[in-house]
Amino acid sequence: MNARKRTIRMATPPDFRLPPLTDAGGDVFEGTASSSRHVTTHWDAEDLRLLRAGVSLHRADDGWHLELPRPLGAVPLGAVPKPGDGEAEHPPATAIDVITAFARGAALDAIVTLRATQRRVPVHSASGTLIGAVVDEQIEVVEGQSAVPKLREIVIEWEDSATRPQRAALLARVRSGGAEPIKPEAPIVRVLGERATAPSDFAPRADLTGAGAVAQTLSRALGGATATLIANDPGTRLGDDPETVHQMRVASRKLRSHLRTFLKLVDEPWAMRLREELQWLGGLLGEVRDAEVLLDRFEKNIARIPSADRDFAEQLLADLRARHADTRDALLEGMRTDRYVALLDQLVSAARRPRLLLRIDERDDDAVLRSLVRGPVRSLRNAVDALPKDPPDESLHEVRIHVKRARYATEAVEPAFGRRARAFARALVDAQDVLGEHQDAVVAAEWLRDAAVKTDDERIGFAAGQLAAIEHAAALAARKRWRATWDSADKKKLRAWL
C-alpha cells in the first residue's frame, strides 16, 4: 500500500492570481517557486470502465503508472521501458494483468493526452520545516501538434508536520484570491466530465422495471458482492495480503448464496450456470484460503510449544507452504483464463439486470423478500433442533453452513428492512464466527494427525502432537461457546420482522 499526500483541490475564477502565501500573523512562509511541465497519456476502454471504477492507467515522462482504488493505491510496475523505447508505447504486461477484473477483456487504448504546467510554491514554518506546497496547475489537452486549454486548479499539499493553525492560515490565503475547494477528483476525470464520473458497471441501477423492490434488492446484492470480488482481484494477483483471497472467496460464496436465495424468482438455468462457474472459482480460492488459514494458525501456535520442539514443528510447515504455493499458482492460472473473464462479465451483467421472472403472485415486494429469508432461517432452526446433546463435529459444520445461508439471505434483503434485518444478520455473524473457529480447529487437528502419521521422524511427530493438542483445545472451547451465540441469534425479537 502506498501513502498518499493529503491534498485540497481548488477551482479558480478566470482572472485568478495566486496571492502571496506568507501569513503575517501566523507561522506560514512562502518559499522559492519552481516550474515544471508534465505530459501524461491515459489509457482506458472506450466506455471508460477503468476510470469509472477508480482505476488510472497512464504513461508519464518517467514511465507507466497504475493507480487502483483504495486501499491499494499506486502499484509498483517494476522496471518498465521509458517513453520512446519501443514497448513503452503500450502498457506493460504487469499492469494489464493487475487490472484484468476491471478491464474484463475490453480493448484498451490511449484516450487522451494531457499536458500539465505546474508552478510549485513550497511553504515552510519560521523554523524552516517544510509544511506543504501550493501548486498552480494548468491542464491542456494535446491534440496533434496543438494543445487546448481545459482547466486550471490550485492544489494544496500538506506534509504531516503541518499544524492545524498553519493549514487554516494557508487555506485562507489561497481563498483570498478567489479559489474555492472542489471535489477531490483527478484532473483526467474533470477533463472528461460526466462520462468519467458515471457509476461503475456493477453499481445497482435505478431504472429496473417489472419487479420493483425485488429487482432492486437482487441487483444491489449481486452488485455489492461482484464489486467486492473485483476490488480484491488485484490484491490477490499481487499476493501481498492474504485477506484479499479471503474476501474473494466470501464474495463468491455470497453470489452463489444470493442466486440460490432468489432461485424461484429468476431464470433458473441462467442462475444455475452462474452458480456452477462460481463454484469453480470458489474451489480455486478455497484451496488457497484453506492453506493460508492452516499456516496462520500453526505459525501462531508454534510459539506456544517448548522452544526445543519449534524447529521440528517448522519442518511440518514446509509441505504446507509448498501446497500453498501450488494452489496459488493454480488460482492465478485460473484467473488468467477467458473463463474467468467471462464469469466476471456475466456477474456484471447479472448485477445490472438480473433475469427475474414476471411477478409470481399478487403479494407486495416486502412479503416476497421476507419469504426468501424465511426458508433458510427455518432450515437453520430445524438443523439446530435436530442436533443431539453432544453433536459430532460434522453436524456442527452442517449447522454452520445453514447459518451462512441464513445470514447471506438476510444481508441480501437488508436494504429493504433496515436495522431490523441488520441486527439479525450481525447476530448470525457471531454464531458463524464461533462455528467457523470450531471447524478450523477440527480441520487443523486432522491435518496435523495425518502429518504425524506420515513422518518418519518421531521428533516431528511429537511436535505435530503438541500442535494438535492446542487445536483440540480450541475446538472444545468453541464447542462450549456456540450454543450461547446461537441462543442470542435465535431470539424472537430479532426475527420479528420476518
Side-chain angles (χ1 to χ4, degrees), residues 4-5 7-18 33-69 73-75 77 80-92 95-96 99 102-103 106-121 133-157 174 177-201:
R4 303 188 184 193
K5 281 184 178 292
T7 62
I8 295 179
R9 286 192 173 273
M10 309 182 77
T12 61
D15 58 348
F16 178 80
R17 291 174 65 92
L18 185 65
S34 61
S35 298
S36 62
R37 176 175 288 183
H38 309 281
V39 177
T40 306
T41 300
H42 293 263
W43 283 60
D44 207 330
E46 185 178 0
D47 61 3
L48 302 186
R49 61 180 57 187
L50 297 185
L51 278 174
R52 290 188 292 108
V55 176
S56 175
L57 175 62
H58 56 273
R59 187 184 71 230
D61 301 326
D62 59 347
W64 285 91
H65 298 262
L66 176 60
E67 290 276 345
L68 295 173
V75 176
L77 297 177
V80 297
K82 299 294 187 292
D85 290 346
E87 292 183 7
E89 299 305 313
H90 297 279
I96 296 300
I99 61 173
F102 295 101
L108 302 181
D109 205 347
I111 55 170
V112 68
T113 296
L114 303 181
R115 183 166 66 202
T117 302
Q118 296 181 338
R119 180 174 180 270
R120 175 180 293 270
V121 183
V134 175
V135 182
D136 187 348
E137 183 174 59
Q138 299 191 55
I139 305 292
E140 300 171 303
V141 174
V142 179
E143 298 177 350
Q145 299 299 314
S146 61
V148 180
K150 277 298 181 180
L151 59 88
R152 181 185 182 188
E153 293 180 349
I154 299 297
V155 182
I156 302 179
E157 299 176 349
V174 176
E180 289 295 333
I182 54 177
K183 185 177 179 180
E185 294 174 326
I188 178 63
V189 173
R190 210 175 304 286
V191 167
L192 295 176
E194 293 183 0
R195 289 182 62 222
T197 59
S200 65
D201 289 340

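The basis for the numbers below is simple: all heavy atoms, side chains too, and nothing from hydrogens, waters or symmetry mates. Predicted model only: the values in this text are computed from it and were never measured.
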task: Run the numbers on Ser36 and His38 for side-chain hydrogen bond (donor to acceptor under 3.5 Å, both in side chains), then give the verdict.
output: CA-CA 7 Å; Ser36 62; His38 309 281; 3.1 Å; yes

- prompt: When you look at Ile99 and Leu108, which way does the side chain to side chain contact (heavy atoms under 4.5 Å, CB included) test go after all the steps?
  reply: CA-CA 11 Å; Ile99 61 173; Leu108 302 181; 3.9 Å; yes

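- Between the CD atom of Glu140 and the CG atom of Leu151 there is a distance of 10.0 Å, given to the nearest 0.5 Å.
- Taking OG1 of Thr40 as the reference point, atom CZ of Arg115 lies at 11.5 Å (rounded to 0.5 Å).
- Contact between Pro13 and Ala179 at its shortest, heavy atoms only, is CD-N, 4.3 Å.
- Note that CG of Asp136 is 11.5 Å distant from CZ of Arg120, once rounded to the nearest 0.5 Å.
- Under the side-chain contact (heavy atoms from CB on, under 4.5 Å) rule, Ile154 has a single partner from Ile8, Ile182, Thr12, which is Thr12.
- In terms of heavy-atom proximity, Ile139 sits nearest to Ala116 at CD1-CB, 3.5 Å.
- To the nearest 0.5 Å, atom NZ of residue Lys183 and atom OG1 of residue Thr197 are 7.0 Å apart.
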message: Walk me through whether Arg190 and Lys150 qualify under side chain to side chain contact (heavy atoms under 4.5 Å, CB included).
response: CA-CA 9 Å; Arg190 210 175 304 286; Lys150 277 298 181 180; over 6 Å; no

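- For Asp44 against Leu50, the heavy-atom pair with the smallest separation is OD1-N, 3.0 Å.
- Distance CZ/Arg9 to CD/Glu157: 9.0 Å, rounded to 0.5 Å.
- We find that Asp61 and Arg37 are not joined by a salt bridge, their nearest charged nitrogen and carboxylate oxygen being 4.0 Å or further apart.
- Not counting sequence neighbours, the partners of His65 by the ring pair (Phe, Tyr, Trp, His ring centres under 6.0 Å) test are His58.
- What you find for Phe16 and Gly178 is that their closest heavy atoms are CE1-N, 4.2 Å.
- Remark: the backbone N or O of Ala103 is paired with a side-chain donor or acceptor of Arg49 at under 3.5 angstrom.
- Leu114 contributes atom CG, which lies 7.5 Å from atom CG of Leu192 (distance to the nearest 0.5 angstrom).
- Applying the side chain to side chain contact (heavy atoms under 4.5 Å, CB included) rule to Thr41 yields the partners Trp43, Arg59, Ala110, Thr113; only residues at least two apart in sequence or on another chain are considered.
- Of all heavy-atom pairs spanning Pro187 and Glu137, the tightest one is CG-OE1, 4.0 Å.
- Applying the side chain to side chain contact (heavy atoms under 4.5 Å, CB included) criterion to Ala33, with sequence neighbours excluded, gives Arg119, Val121.
- Residues Ala106 and Ala45 approach most closely at CB-CB, 3.8 Å, considering heavy atoms.
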